[in-house]
Protein chains: 2
Amino acid sequence: MQQQTLADRITAKLETMIVEGVYKPGDRLPPERKLAEQLEVSRPSLRTALQTLAAKGILRSRQGGGHYVTDTLTRSVADPLVEMLSKHPETQDDVLEFRVLLEGTCAFYAAQRATEEDRKSLQEAFTLLEESMGTDQESQADLTFHLTIAEASHNIILLHTMRAIFSLLKHNIASNIGGIYNNQETSTQLLHQHRHIMETILAGQPEQARLAAEEHMVYVRETLSGEDRKQIRQLRAKRRTGLLEAI
Amino acid sequence: MQQQTLADRITAKLETMIVEGVYKPGDRLPPERKLAEQLEVSRPSLRTALQTLAAKGILRSRQGGGHYVTDTLTRSVADPLVEMLSKHPETQDDVLEFRVLLEGTCAFYAAQRATEEDRKSLQEAFTLLEESMGTDQESQADLTFHLTIAEASHNIILLHTMRAIFSLLKHNIASNIGGIYNNQETSTQLLHQHRHIMETILAGQPEQARLAAEEHMVYVRETLSGEDRKQIRQLRAKRRTGLLEAI
DNA sequence: TTGGTCAATTGGTAAGACCAATTATTTCAA
DNA sequence: TTGAAATAATTGGTCTTACCAATTGACCAA
């Protein structure tokens, strides 16, 4: 059995931090000299670990510019989904249905497990959401809010699945959430729902949080598909009138 | 366009030599000091290249023992998330926890939506499970049973996610399910639970099906692990605060 | 011939210095 | 006041030198 080197141990530690969401896709790692100091290792040993992660595509490194976490791990889950949804656009409602389940569970565990740090992050994310109302940042702030809840659930698989789903949304493969913010009444309603989810999580009420998140997602799902139903109804009414005239 | 570093160039050169057969699978590379001399580079720069190739699995390195060419070039590349998760066994409970959620929901929708064809497939899968008791096919029949339920849910995202989870299981991420079949009492209990899940689905009782599937997964989870999961979660929450521990 | 010990070899770690590229800050001109 | 250019600071990349840790090979005794 091969002995584990220091560099292997550093690599494992950095991987853990990335998998657990301490560093997210797009995040920049601390400078090498600082990180080596924090981990109490020499810079060359740290560099070995960083180079290993770069070779695997998990980090991207630029001379003088820093080391960045890539979205390689998220893509490994998301890419097959993207491909499948591209071929089968009729499954978009399956995504929303899945999200009802996923968001409810994230909120449940977040209410149980959120640390002080998580609660702070959640409040900040909500504040950002409030401040983004009416701007083109609103949908992004929405995603951030939901991802913050997933992080607070402290279940890695949930977190990565959520990231993969949001990757779909960013590709506009699944119904674009951004569209529903064009209506001010809807936007305000969504904000109330987000607040309610946050409050139930902060109050440590898992079942309430689950319910709040599920109701929110059901509302989103219905809002996104609601316009279609209206049109169909109007078409039907017109056809009925036409029949009466013919008689 | 990022400038190519010296280490990148050395990596490319070594890869070329391997691809062209200068060094074949099983061959040992010259010692680092000698190879650095031949390539007219410093040893640390060469080491960067060697570590990159080791990270890709093209080389295998042993302290004091040399660098050896593997036969990786002839193999397919593993999913990066699966590979990383398999190195971090502390994530296995997250997978099991996620499975409680997933299996419960699959069973719920299967009970609502199963076609005559689905019901037939489910019964066949259960029969196969019964017939596999005591054989080495038992765990495979278990997976097949659960995938059949996912198919009957008629949500393609759920199905795809279930397949991804079983891909993790195949890598022994979540403590090989096969292991729990070694105990006859457990095996019999699992069969009763599987039967109960099937019956609730066939009877079209979504909430009962959800409960049955969740209880089954909770049983599996508890059988596979003890009280370790509490500790691990607390450790993880601590890490999230950004505090870095020494390696 | 086999097993143990020691020396040599080779990969791993570290400190320190310097180079190359990027980022941030300051200065200057319009 | 604003924008562009120049300069300084920061940060990743390369190198030399030294030393540690693990493996391999040579040698000797039983």
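Each chain gets a letter, A, B and so on, in the order the sequences are listed, and its residues count up from 1.
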So, are A:R119 and A:E124 salt-bridged, with charged N and O less than 4.0 Å apart?
no
Rounded to whole Å, how long is the line connecting atom CG of A:L59 with atom C1' of D:dT11?
15 Å
Nearest-Å distance, NE2 (B:H67) to P (D:dA22)?
16 Å
B:Y68 atom OH is separated from D:dT23 atom C1', nearest whole Å, by 9 Å
So if I take every side-chain heavy atom of A:R62 and compare against C:dT23, C:dT13, D:dG12, which nucleotide ends up nearest?
C:dT23
Can you sort out the partners of A:E83 under side chain to side chain donor-acceptor pair (under 3.5 Å), two or more places apart, ordered by chain and number?
A:K87
Thinking salt bridges, do A:E103 and A:R210 make one under a 4.0 Å N-O criterion?
no
Name the residue closer to the 5' end of DNA chain D, choosing between A:P44 and A:G65 according to the nucleotide with the nearest heavy atom.
A:G65
Just N and O in the side chain of B:S45: are any of them under 4.0 Å from OP1 or OP2 of D:dC15?
yes
From CG of A:D8 over to C1' of D:dA22, roughly how many Å is that when rounded to an integer?
14 Å
Pair B:K34 + B:E37, salt bridge at N-O below 4.0 Å:
no
Against the side chain of A:S42, the closest entry in C:dG11, C:dA14, D:dG12 is C:dA14
Restricting to ring pair (Phe, Tyr, Trp, His ring centres under 6.0 Å), what partner residues turn up for B:H67, sequence neighbours left out?
none
B:R47 side chain, from C-beta outward: closest of C:dA15, C:dG11, D:dG13:
C:dG11
Nearest whole angstrom, please: distance from the P of D:dT14 to the CD of A:Q63.
7 Å
Can you list, in residue-number order, the parts of residues 26-35 of chain B that come under 4.0 Å of DNA chain C, counting heavy atoms only?
B:R28, B:P31, B:E32, B:R33
If you draw the axis of the six-membered ring of A:Y109, does the NZ or CZ of A:R113 fall within 45° of it and under 6.0 Å from the ring centre?
yes
Of A:R43 and A:G64, whose closest DNA chain C nucleotide lies nearer the 5' terminus?
A:R43
